[in-house]
Amino acid sequence: MTDFSNQDLVPCFAFACLNLRSSSDFDADHGVKQGILNFKFDRKGMGKGGEGWKPSISDKNQFIIASSMIPMKFVKLDIQGSGNSESFVTSYIIRYSLNNKKWYEYKNGEIFKGNMDNESIVSQELNPPIIARSISIHPQTWRNDIGLRWELYTKEFGELSPQIQMGSISIGDKTLGNSKSPLEYTRRVQFEKEFIGIPKISLGIKSLDYANVNGQHRCSVEAKNITSKGFDCIFKRFDNLINELSVDFTAAWTDDLIDSNLIQDKEFKNANSLFFYKKSSQPSQ
C-alpha cells in the first residue's frame, strides 16, 4: 500500500486528481491504469494481468503524461518498475506545460536516475517545484522493456494558487493631509496567497476625504512593483490636501500572463510532433 502518512502532500493518481494517457500501450492489461504506484493484479481466478504500464515498443519516443484542468504545484515524483516482470526504467527526463501550448524540459533536460530493480520505489524531489497543468515522463534507458508504475505529489488543495484576489487598502493616516505633506505616499499590499505568476491589478477609489484648496480636489492611485506576492499602491495628491483615501483592488492572473521569471527551463520545440498522433495516409481496413 502507498504510504499516505505525509499529510502535507496529495498523491494525485491514488485519488484520481489527474487525467492520464500514454504514447502507446502493449495491450489492454498494460495501460495507464496499471501504471499506478504499487499496482497489483489481484482478481482471483482470472489469469495473470499486467502490473505496470508497458508501451507497444520500447524506444525513446514513448511517454506517459498526466494532466489537470488547473495549474498545480508538483513537488515529488515516485517511480517503480513492472510488478510481474523484470522490466523497469533506469533513467528518464521530465517535461511539463503550464498552458498546454508551450512545453519545457525540467532542469533543461536533465536525465534523472530511475530504478535498479522492478519493485523498489525511487523518489525524486522536484526542487524547484514544477508548476504546470501537464507533466510527462520520457524513459531514456531501461532494463529488458519499459515497465513503469509511478505517482505524482502536489501540495494540499488549500495551498493551490488562486486565480483572483480582492481587497482594500487605505492611507490610514493624514500623511497627505497638511501643506508640508509629500505629494505621494506608498503602501505595500501583500496578497493573502501567492499567485503563480505576476497578476494584473485593477484599482478603484472607494472613499475620499479631502480639504478643498484653491478649488482643487484631484488625486490618483497607481499600482507599481507588482510581484506574485503583492504590489505597491501609490497615493498621489496635487494642490489639495487628502485626509484619507481608500481603494478597492482586484488582482487577477491568467495563463497569458506567464512571465519569463516563472519558467527558467528551455522550451521543448517538438511537442506537437511527439504528443500528437500522425494522421494515417491510408484508410484502415
Side-chain angles (χ1 to χ4, degrees), residues 70-75 96-104 106-108 126-133 154-267:
I70 61 173
M72 301 178 73
K73 181 184 287 187
F74 300 103
V75 297
Y96 66 95
S97 178
L98 181 56
N99 60 7
N100 289 332
K101 296 177 183 177
K102 289 186 177 181
W103 281 79
Y104 299 89
Y106 184 57
K107 291 194 173 181
N108 294 313
L126 301 177
N127 186 20
I130 296 177
I131 299 174
R133 274 188 169 88
T154 186
K155 289 290 187 179
E156 292 184 87
F157 289 151
E159 297 185 19
L160 291 177
S161 175
Q163 299 284 74
I164 186 169
Q165 296 186 66
M166 297 181 289
S168 299
I169 184 71
S170 61
I171 296 175
D173 54 34
K174 293 187 177 182
T175 301
L176 304 181
N178 64 71
S179 59
K180 295 183 180 180
S181 296
L183 293 178
E184 66 178 53
Y185 178 65
T186 301
R187 288 287 304 275
R188 185 66 184 174
V189 177
Q190 294 294 128
F191 298 132
E192 183 178 348
K193 294 183 179 180
E194 183 177 0
F195 283 93
I196 288 177
I198 297 177
K200 286 185 177 180
I201 306 296
S202 176
L203 301 175
I205 294 177
K206 182 179 181 180
S207 63
L208 171 63
D209 180 6
Y210 67 95
N212 194 335
V213 178
N214 298 323
Q216 298 286 334
H217 54 273
R218 295 183 297 156
C219 67
S220 69
V221 289
E222 184 180 3
K224 288 187 175 181
N225 303 320
I226 305 170
T227 70
S228 61
K229 296 181 178 181
F231 66 95
D232 289 336
C233 185
I234 313 298
F235 299 89
K236 291 184 179 181
R237 73 179 183 91
F238 294 85
D239 293 332
N240 58 311
L241 305 178
I242 298 177
N243 297 320
E244 180 62 293
L245 176 57
S246 296
V247 173
D248 289 333
F249 72 84
T250 300
W253 182 88
T254 57
D255 291 346
D256 62 333
L257 298 177
I258 297 173
D259 58 279
S260 58
N261 293 323
L262 179 62
I263 297 177
Q264 305 266 339
D265 296 316
K266 68 180 181 181
E267 185 178 352

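Being a predicted model, the structure only gives us computed values, none of them experimental.
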Show your reasoning for whether side chain to side chain donor-acceptor pair (under 3.5 Å) applies to T186 and D232.
CA-CA 6 Å; T186 301; D232 289 336; 5.9 Å; no
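- Contact check for Y104 versus L98: no side-chain heavy atoms found under the 4.5 Å cut-off.
- Judged purely by atom type and a 3.5 angstrom limit, D209 has no side-chain atom pairing as donor or acceptor with the backbone of E244.
- In this structure, the side chain of K206 does not engage the main chain of F249 through any donor-acceptor pair within 3.5 Å.
- The shortest distance between side-chain heavy atoms of F195 and I226 does not fall below 4.5 Å.
- The two residues D248 and S168 have their closest heavy-atom pair at OD1-OG, 2.6 Å.
- Minimum interatomic distance between K73 and P129 (heavy atoms only, all atoms of both residues): CG-CB, 3.6 Å.
- Closest non-hydrogen pair, Y185 versus T175, comes out as CD1-CG2, 3.6 Å.
- Interatomic distance, I201 CD1 to K224 NZ, rounded to the nearest 0.5 Å: 14.5 Å.
- I130 is listed as a side-chain neighbour of Y106, based on a closest heavy-atom distance under 4.5 Å.
- Here the side chains of S207 and V247 are not in contact, with every heavy-atom distance at 4.5 Å or above.
- When all heavy atoms of L241 and G177 are compared, the pair lying nearest together is CD1-O, 3.7 Å.
- Listed for the Q165 side chain is a donor-acceptor partner under 3.5 Å among the backbone atoms of E192.
- The shortest distance between side-chain heavy atoms of I242 and I171 falls below 4.5 Å.
- Distance check: R188 CZ to C233 SG gives 11.0 Å after rounding to the nearest 0.5 Å.
- What you find for R187 and F235 is that their closest heavy atoms are CG-CE1, 3.9 Å.
- The backbone N or O of S202 sits nowhere less than 3.5 Å from a side-chain atom of T250 that would complete a donor-acceptor pair.
- In this structure, the separation between OG1 on T154 and CZ on F74 is 6.0 Å, given to the nearest 0.5 Å.
- Taking CD1 of I234 as the reference point, atom CG of L183 lies at 13.0 Å (rounded to 0.5 Å).
- L245 CG to S220 OG: the interatomic distance, rounded to the nearest 0.5 Å, is 9.0 Å.
- Looking only at distances, a side-chain donor or acceptor of R237 sits under 3.5 Å from a matching main-chain atom of S181.
- At distances below 3.5 Å, not a single donor-acceptor pair connects side-chain atoms of R133 with backbone N or O atoms of N99.
- Contact check for S228 versus W253: no side-chain heavy atoms found under the 4.5 Å cut-off.
- For the pair F238/N240, a side-chain contact is recorded, criterion being any heavy-atom separation below 4.5 Å from C-beta on.
- With rounding to the nearest 0.5 angstrom, the NZ atom of K174 is 5.0 Å from the CG atom of N243.
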List the steps, then state whether side-chain contact (heavy atoms from CB on, under 4.5 Å) holds for F191 with T227.
CA-CA 10 Å; F191 298 132; T227 70; 5.8 Å; no
